[in-house]
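Below: the structure, in structure tokens.
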Amino acid sequence: QMEADFRIKKYTLTGGCGTTRIRPAAITLSKFNDGTPGEGAIGDYFARIQTERRWYDTSPEGQFIVRAFIFRCEDAECIGGTQTPSTPLFVGVVTAEEWFTLRILWDPSHNAFWVGLNNGPDKPLYYGASVVTLPAKNPRADIRMQVNAENCLNGATEADTEIEVREVRTNESAVFP
């Protein structure tokens, strides 16, 4: 299990096309593999809860959608992956400059990862009882920020963000040797 407190201090997202977006705060957890042979992370399952704002969002300035999803690595470096379930789970909304907490927990007894925002209820991300759960080839628990600024023909694009991480809390099962 992993939980962290974040604040989006500032951001810029102007212009844009395609996949231009910012994901200022995210937690990722990988604990198992489905038994697919091969090197690297092929067959590893990752759960992620993240904040996101896309260049075309019509929500009020400063608001970020919080979504969660599971993906399965399709290659050794986990550059390509398949989301399962195919639609990300809506978790809530956060506002820039305000503190918020993201959390994620693996629950193998229920074939699920549980994700939560602030003091709200945890929501399940199920991966199905038929998935074989061997130890992950590339176990990971991380905090990340991602910025995608696509090269647009229709003008300049700028995507930038600055965050603050206050405290990270975890239990022993989220720490890898």
Side-chain angles (χ1 to χ4, degrees), residues 1-31 41 44-71 73 75 77-81 83 87-106 113-123 125 136 138-176:
Q1 150 176 333
M2 190 170 177
E3 179 178 81
D5 301 325
F6 298 93
R7 181 170 66 106
I8 301 166
K9 292 177 71 170
K10 60 184 178 179
Y11 73 96
T12 304
L13 187 59
T14 58
C17 61
T19 60
T20 299
R21 63 183 171 246
I22 54 177
R23 294 176 174 157
I27 296 177
T28 307
L29 186 62
S30 171
K31 296 292 287 183
D44 279 0
Y45 279 68
F46 287 77
R48 180 173 294 152
I49 181 169
Q50 66 185 20
T51 59
E52 181 176 75
R53 186 166 180 93
R54 299 174 189 215
W55 67 274
Y56 55 81
D57 282 353
T58 58
S59 58
E61 196 63 34
Q63 284 193 346
F64 291 78
I65 299 296
V66 179
R67 293 185 178 97
F69 54 91
I70 296 174
F71 62 96
C73 292
D75 56 65
E77 292 79 30
C78 202
I79 295 170
Q83 282 191 21
T87 304
L89 174 68
F90 174 79
V91 180
V93 175
V94 297
T95 303
E97 300 181 21
E98 294 181 7
W99 284 99
F100 60 92
T101 301
L102 299 178
R103 68 183 163 279
I104 190 166
L105 164 77
W106 182 42
F113 288 92
W114 293 82
V115 295
L117 171 63
N118 295 327
N119 293 325
D122 290 340
K123 297 181 177 186
L125 289 168
N138 186 17
R140 186 177 306 161
D142 67 29
I143 293 174
R144 64 180 54 220
M145 175 195 327
Q146 183 179 6
V147 176
N148 293 38
E150 198 163 306
N151 187 9
C152 303
L153 298 175
N154 62 346
T157 298
E158 186 178 4
D160 189 27
T161 187
E162 182 181 337
I163 67 166
E164 185 176 354
V165 180
R166 179 182 286 164
E167 186 176 348
V168 177
R169 294 167 294 281
T170 186
N171 64 359
E172 194 173 299
S173 69
V175 178
F176 303 104

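Residue numbers start at 1 and run along the sequence shown.
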Quiz prompt | Closest contact, heavy atoms only, F71 versus C78 | solution = CE1-SG, 3.7 Å
Quiz item: Under a 4.5 Å cut-off applied to non-hydrogen side-chain atoms, are T157 and W55 in contact?
Solution: no
Quiz item: Taking side chain as C-beta onward, heavy atoms only, is L102 less than 4.5 Å from F100?
Solution: yes
Quiz item: What are the two closest heavy atoms between C73 and A41, and how far apart are they?
Solution: CB-O, 3.2 Å
Quiz prompt | Side chain to side chain, I143 and M2, heavy atoms closer than 4.5 Å | solution = yes
Self-check item: Donor-acceptor under 3.5 Å (D75 side chain, G80 main chain)
Solution: yes
Practice problem: Hey, could you give me the NZ/CG distance between K10 and D160, rounded to the nearest 0.5 Å? | Solution: 7.5 Å
Practice problem: For L89 and K123, work out which heavy atoms get closest and say how close. | Solution: CD2-CB, 3.7 Å
Practice problem: Please confirm whether the backbone N or O of W114 pairs with a side-chain atom of D122, one donor and one acceptor, at under 3.5 Å? | Solution: no
Quiz item: How far apart are the closest heavy atoms of L13 and R53, and which atoms are they?
Solution: CD2-O, 3.5 Å
Quiz prompt | Side chain proximity check, T20 to N148, heavy atoms < 4.5 angstrom | solution = no
Quiz item: Do R169 and T101 come close enough that some side-chain heavy atom pair is under 4.5 Å?
Solution: yes
Quiz item: Ring centres of F64 and Y11 under 6.0 Å apart?
Solution: yes
Self-check item: Nearest-0.5 Å distance that lies between atom CG in N171 and atom CG in L105
Solution: 7.5 Å
Quiz item: Atom CD of E52 and atom CZ of R21: how far apart are they, to the nearest 0.5 Å?
Solution: 5.5 Å
Quiz prompt | Between D142 and T28: side-chain donor-acceptor atoms closer than 3.5 Å | solution = yes
Quiz item: Just how far is it from atom CE of M145 to atom CZ of R23, taken to the nearest 0.5 Å?
Solution: 13.5 Å
Quiz item: Cut-off 3.5 Å, side chains only: do E150 and T19 have a donor facing an acceptor?
Solution: yes
Quiz item: Which pair of non-hydrogen atoms, one from P88 and one from R67, has the smallest distance, and what is that distance?
Solution: CB-CD, 3.9 Å
Quiz item: Quick one: does T51's side chain have a donor or acceptor within less than 3.5 Å of a partner on A25's backbone?
Solution: yes
Quiz item: Of the non-hydrogen atoms in R103 and P121, which two are nearest, and what is the gap between them?
Solution: NH2-C, 4.4 Å
Quiz item: Any donor and acceptor pair, going by atom type alone, linking the side chain of T170 with main-chain N or O of Q1 inside 3.5 Å?
Solution: yes
Exercise. For W106, enumerate each residue passing the side chain to side chain donor-acceptor pair (under 3.5 Å) test, keeping only those at least two apart in sequence or located in another chain.
Key: Y127
Quiz item: How long is the span from the NZ atom in K9 to the OG1 atom in T161, to the nearest 0.5 Å?
Solution: 11.0 Å
Self-check item: CD-CD distance between Q50 and Q146, expressed to the nearest 0.5 angstrom
Solution: 7.0 Å
Exercise. Would you check if W99 and E164 make a side-chain contact, meaning some heavy-atom pair closer than 4.5 Å?
Key: yes
